[in-house]
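Note that the numbering runs from 1 along the sequence shown for the chain.
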Amino acid sequence: MKLYHGSPNSFDTIRKSQAQAGDGIKVPDDELLNAIYLTPNYEFALAIASMPKGATDIDEATRTIKFENPEAFDPEKEVYVYEIDSEAIPKENLKEVDELQIAVLNIPELKPSMKHIHKAGDVEKYYEIKREVKEVKNETKLSPEFKIK
């Protein structure tokens, strides 16, 4: 089975890293592993690669993405999806975190079989990016003496 790793960075090997929860987000400790994270879903890997700095909410059910800093999303930025053959990884080193994430444990690095290069904006072929507009109230306060004639 092909597995994928999305990143905004170009490299020759994928190295393990400590997963972290965003501010105010509760994640069980067993999901915050020092591991290499892969996904069986190519589009999800591309979404991960395309994320700007800050929290991101990817909703698979609605195929939408919300960025904490949508102004930082650069659709022209080059991003990368790395391909790995799961058969090259010993089964005892694979831990399913959830249906979209597989952690590779006790292996410090993996050499991908292929590197796919994209523009971050390619993610919009698969997901709708929710660009929430903050409501600005335009209130004009009139003095009590003001009268419309």
Side-chain angles (χ1 to χ4, degrees), residues 1-140:
M1 169 172 63
K2 290 182 182 178
L3 297 172
Y4 306 97
H5 178 86
S7 177
N9 303 311
S10 177
F11 38 74
D12 294 326
T13 59
I14 304 168
R15 297 183 192 283
K16 70 179 182 175
S17 63
Q18 178 67 51
Q20 298 177 358
D23 292 337
I25 297 173
K26 277 284 205 205
V27 178
D29 287 341
D30 67 337
E31 291 184 18
L32 296 177
L33 304 169
N34 187 12
I36 296 170
Y37 282 83
L38 304 174
T39 179
N41 184 305
Y42 189 93
E43 293 85 13
F44 184 74
L46 179 58
I48 297 296
S50 300
M51 297 185 321
K53 295 226 186 278
T56 297
D57 178 30
I58 301 172
D59 187 331
E60 279 298 311
T62 61
R63 303 296 284 176
T64 58
I65 301 175
K66 286 187 218 170
F67 298 127
E68 178 182 32
N69 302 310
E71 67 283 351
F73 176 69
D74 177 3
E76 293 302 312
K77 180 178 178 167
E78 204 164 80
V79 298
Y80 308 90
V81 176
Y82 299 90
E83 191 173 304
I84 301 278
D85 184 355
S86 66
E87 301 300 316
I89 304 167
K91 292 197 184 329
E92 64 270 13
N93 295 91
L94 296 173
K95 177 182 180 174
E96 186 174 307
V97 176
D98 59 37
E99 61 196 34
L100 288 172
Q101 297 181 90
I102 297 170
V104 179
L105 304 171
N106 303 316
I107 296 177
E109 63 184 35
L110 290 172
K111 182 138 181 84
S113 58
M114 187 170 282
K115 175 169 61 171
H116 303 273
I117 302 170
H118 288 275
K119 297 288 187 187
D122 291 349
V123 74
E124 294 184 272
K125 294 175 187 171
Y126 309 104
Y127 295 89
E128 176 188 355
I129 296 177
K130 295 285 191 179
R131 291 176 171 88
E132 299 200 6
V133 179
K134 293 183 181 171
E135 200 173 303
V136 178
K137 292 185 179 180
N138 189 3
E139 294 180 358
T140 306

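- Contact between L3 and S86 at its shortest, heavy atoms only, is CD1-CB, 3.6 Å.
- Using modelled atom types, one side-chain atom of H5 and one backbone atom of Y37 make a donor-acceptor pair closer than 3.5 Å.
- Side-chain N or O atoms of E68 include one that pairs as donor or acceptor with a backbone N or O of A55 at under 3.5 Å.
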Go through it in stages, so that I can follow the logic: the residues are N41 and E60, the test is side chain to side chain contact (heavy atoms under 4.5 Å, CB included), and I'd like the CA-CA distance, side-chain angles, deciding distance and then a yes or no. CA-CA 11 Å; N41 184 305; E60 279 298 311; 4.2 Å; yes
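- Side-chain contact between P40 and K2: absent, with no pair of heavy atoms (C-beta onward) separated by less than 4.5 Å.
- Shown here for A49 and S7, the closest heavy-atom pair between the two residues is CB-N, 3.3 Å.
- Annotation for V123 and A47: closest pair CG2-CA, 3.6 Å, computed over non-hydrogen atoms.
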Run the ring-ring contact (aromatic ring centres under 6.0 Å, His included) check on Y126 and F44 step by step: do they pass? CA-CA 9 Å; Y126 309 104; F44 184 74; over 10 Å; no
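- Evaluated for a side chain to side chain contact (heavy atoms under 4.5 Å, CB included) with I107, the options L94, N93, I14 yield exactly one hit, N93.
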Pair Y80-I117, side chain to side chain contact (heavy atoms under 4.5 Å, CB included): steps then yes or no: CA-CA 5 Å; Y80 308 90; I117 302 170; 3.8 Å; yes
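- A salt bridge between K111 and E109 is absent, with no side-chain N of the basic residue lying under 4.0 Å from a carboxylate O of the acidic one.
- Judged as a side-chain hydrogen bond (donor to acceptor under 3.5 Å, both in side chains), and not counting sequence neighbours, the contacts of K115 are S10.
- One N or O on the side chain of D59 and one on the backbone of T62 form a donor-acceptor pair closer than 3.5 Å.
- For an aromatic pair to be called close, the ring centres must be under 6.0 Å apart, and Y42 with H116 satisfies this.
- Among the candidates I102, V104, I89, the single residue satisfying the side chain to side chain contact (heavy atoms under 4.5 Å, CB included) test with I84 is I89.
- Counting heavy atoms of neighbouring residues, nucleotides and ligands inside a 6.0 Å radius, atom CG of D12 does not exceed 12 of them.
- Distance check: R63 CZ to E128 CD gives 12.0 Å after rounding to the nearest 0.5 Å.
- A salt bridge (charged side-chain N to carboxylate O under 4.0 Å, His left out) check over residues 36-51, counting only residues at least two apart or in different chains, returns nothing.
- Considering only heavy atoms from C-beta on, I36 comes within 4.5 Å of L38 through its side chain.
- Pairs passing the side chain to side chain donor-acceptor pair (under 3.5 Å) check and including a residue from residues 48-57, sequence neighbours excluded, do not occur.
- Residues D85 and M1 approach most closely at OD1-O, 3.6 Å, considering heavy atoms.
- What you find for A45 and T39 is that their closest heavy atoms are CB-CG2, 3.7 Å.
- By the 4.5 Å heavy-atom criterion applied to side chains, K130 and I65 are not counted as neighbours.
- Between I129 and F67, the closest side-chain pair of non-hydrogen atoms falls below 4.5 Å.
- Taking all atoms of both residues into account, the shortest heavy-atom contact from Y127 to I58 is CE2-CG2, 3.8 Å.
- Not one N or O on the side chain of N69 forms a donor-acceptor pair closer than 3.5 Å with the backbone of E71.
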